[in-house]
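Structure first, then comments.
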Amino acid sequence: MKRAMTQEAKDARACAILDAAEKLLLTGDYMSLKMADIAREAGISNGLIFTYFHTKETLFLCLLWREFKERIAYLQDVIARKQPADFEEIEALVLSELEHVLQENSVYIKLEPMRPSILEKNVDPALLDRMKEDLAARFLELSDNLSRSGAVSREDVLDIFFAEIGIIIGSGLQKAVEADFDLRGGIIARMKCYLQGFRQSKRDKGEK
């Protein structure tokens, strides 16, 4: 196979590698997957895959970052079509998007609990910093858009989404210890509980 020469071709090949990794992860287990398996699925050589992703952790962290960006883009699209008017509508938006992810995106649910302890441990620090900066900028833009109604502040939105990430990570770790733990049900129940407490806290402060 010829090496991709243009940036467009290189980006397309990197995307194809991520698609291959996603497909294998959906039907397998991260720990048992090898870079050679992904290269074979993507139709490239074992050596070539490492020119795009230097480590397995880098590849799957990039896959997770792609999922993050798609989630944020989805929320931005929903907000553009209908701006939430109050906290109840923001709460409904957060929960409906989370339920969609839990039903349709098991890749995200598999990878997010591994991010702090596994995926970020063997990645070039400069690349990791760039990814975090890009994600932070996207989150801030989302927070600005959600806070336009005045029902929540930018800081409130960040708190909600960081709490959601923490709940997903914690629930994923619990699933690893307790095989019969209802991961999806547990995440939704905990997020609902958090949002109810968040809403009550705002009421106690005399906010909307």
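Any value given below was found using the heavy atoms of this structure, including those in side chains, with hydrogens, waters and symmetry copies removed. Bear in mind that the values here come from a model prediction, so they are computed numbers and not experimental data. Each residue takes its place number in the sequence, starting with 1.
With contacts defined as side-chain heavy-atom distances shorter than 4.5 Å, the pair Leu140/Leu158 qualifies. Using a 4.5 Å cut-off on side-chain heavy atoms (C-beta onward), Arg115 and Ile165 make contact. In this structure, Leu95 and Met191 have side chains that are in contact, with non-hydrogen atoms separated by less than 4.5 Å. Side-chain atoms of Glu97 and Arg71, non-hydrogen and from C-beta on, do get closer than 4.5 Å to each other. At a threshold of 4.5 Å between non-hydrogen side-chain atoms, the residues Tyr52 and Leu59 do not count as touching. A 4.5 Å side-chain heavy-atom check between Leu18 and Arg66 finds at least one atom pair inside the cut-off. Here the side chains of Arg199 and Glu88 are in contact, with some heavy-atom distance below 4.5 Å. A heavy-atom distance below 4.5 Å is found between the side chains of Ile118 and Tyr30.
The pair Arg138-Asp134 counts as a salt bridge, with a side-chain nitrogen and a carboxylate oxygen less than 4.0 angstrom apart. A salt bridge does not link Lys23 to Asp19: none of the charged nitrogens lies less than 4.0 Å from a carboxylate oxygen.
In this structure, Lys110 forms no cation-pi arrangement with Phe60, as its terminal cationic atom is not both closer than 6.0 Å to the ring centre and no more than 45° off the ring axis.
Ile38 and Ala20 get closest at one heavy-atom pair: O-CB, 3.9 Å. Taking each heavy atom of Ser149 and Pro84 in turn, the nearest pair found is CB-O, 3.1 Å.
To the nearest 0.5 Å, atoms CE (Met131) and CG (Asp124) are separated by 11.0 Å.
No single ILVMFWY cluster, assembled from side-chain heavy atoms under 4.5 Å apart, contains both Met31 and Val177.
No side-chain donor from either of Glu141 and Asn145 sits under 3.5 Å from a side-chain acceptor of the other.
Relative ring orientation between His100 and Tyr74 is described as parallel, the plane-to-plane angle staying below 30° on a 0-90° scale split at 30° and 60°. Between Phe68 and Trp65, the angle of the ring planes goes over 60°, which puts this pair in the perpendicular group of the 30/60° scheme.
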Please determine whether salt bridge (charged side-chain N to carboxylate O under 4.0 Å, His left out) holds for the pair Lys132 and Asp129, giving the CA-CA distance in whole Å, both sets of side-chain angles, and the decisive distance to 0.1 Å.
CA-CA 5 Å; Lys132 288 184 175 181; Asp129 286 344; 5.9 Å; no

